[in-house]
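Contents: one structure, followed by commentary.
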Amino acid sequence: QVQLVESGGDLVQPGGSLRLSCAASGWSLAYYVIGWFRQAPGKEREGVSVINSGGDITYYADSVKGRFTISRDNAKNTVYLQMDNLKPEDTAVYYCAAPSAGLAATPSLKESSFDYWGQGTRVTVSS
């Protein structure tokens with residue numbers, strides 16, 4: 001069974017940094033596109049960043065470009081989201097996700113492209 005587990009969420013002050021992790025349980029995510037999404041209170045879930053299986057193709061939402069960095073360590077079966085210069089508007093529950101298509105998938109920030117989702121980790125940016 002495909003399982004994704006997010007961690008690293010916390011309360012942080014504006015301008016601070018966090019690194020989120022997305023780990024696979026019982027399967028290898030090395031062959032999968034992995035996306036990060038977030039859902040703020042009262043808002044729809046939105047795509048934040050995505051990385052291909054090789055780690056050489058990445059996309060970011062305009063709202064996080066230059067502040068967030070996605071990366072992966074396939075040997076550790078983990079994908080990371082480094083978040084710097086955090087703003088209050090980054091407050092949300094962050095989810096990682098994978099498509100069922102495996103290597104056949106192309107990187108996308110569209111929620112509909114992803115089939116497997118983690119439970120989420122909460123990030124709160126507040127002074």
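Predicted, not measured: the structure shown is a model, and the values here were computed from it. The basis for the numbers below is simple: all heavy atoms, side chains too, and nothing from hydrogens, waters or symmetry mates.
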>> Can you pull out every side chain to side chain donor-acceptor pair (under 3.5 Å) where at least one residue sits in residues 6-22? Sequence neighbours excluded, please.
In response: Ser17-Asp84

> Within the side chain of Asn52, is there an N or O that forms a donor-acceptor pair under 3.5 Å with the backbone of Asp56?
Replying inline: yes

Cluster question for you: counting only ILVMFWY and a side-chain heavy-atom cut-off of under 4.5 Å, with indirect links fine, are [X] and [Y] together?
| X | Y | answer |
| --- | --- | --- |
| Met83 | Tyr80 | no |
| Leu20 | Tyr116 | yes |
| Ile57 | Val33 | yes |
| Val79 | Leu109 | no |

[X] versus [Y]: any side-chain heavy-atom pair under 4.5 Å?
| X | Y | result |
| --- | --- | --- |
| Arg72 | Leu29 | yes |
| Val50 | Thr58 | no |
| Ser49 | Leu81 | yes |
| Leu18 | Leu86 | yes |
| Lys87 | Arg67 | yes |

Looking at every non-hydrogen atom in both residues, tell me the closest pair between [X] and [Y] and how far apart they are.
| X | Y | value |
| --- | --- | --- |
| Pro99 | Ser113 | CB-O, 3.2 Å |
| Ser126 | Pro14 | C-CD, 3.6 Å |
| Ala98 | Ile34 | CB-CD1, 3.7 Å |
| Val93 | Gly120 | CG1-CA, 3.9 Å |
| Asn77 | Ser28 | OD1-CA, 3.5 Å |
| Asn85 | Asp90 | O-OD2, 4.5 Å |

>> Salt bridge check, Asp62 against Lys65: does any charged N sit closer than 4.0 Å to a carboxylate O?
In response: yes

> Is atom CD of Gln119 surrounded by more than 12 heavy atoms (other residues, nucleotides or ligands) closer than 6.0 Å?
Replying inline: no

>> Using a 6.0 Å cut-off, check whether atom CD of Glu89 has over 12 heavy atoms from anything other than its own residue.
In response: yes

>> Within this structure, what is the SG-CD1 distance for the pair Cys22 and Ile51, rounded to the nearest 0.5 Å?
In response: 11.0 Å

> Between atom CD of Gln82 and atom CD1 of Ile70, what is the distance when rounded to the nearest 0.5 Å?
Replying inline: 12.0 Å

> Has Arg38 got its NZ or CZ under 6.0 Å from the middle of the six-membered ring of Tyr95, at an angle within 45 degrees of the ring axis?
Replying inline: no

> Can you check side-chain contact (heavy atoms from CB on, under 4.5 Å) on Thr69 and Tyr60, steps first, answer last?
Replying inline: CA-CA 8 Å; Thr69 303; Tyr60 297 92; 3.9 Å; yes

>> Tell me which pairs pass ring pair (Phe, Tyr, Trp, His ring centres under 6.0 Å) where either residue lies in residues 15-49, with sequence neighbours left out.
In response: Trp27-Tyr32, Phe37-Phe114, Phe37-Trp117

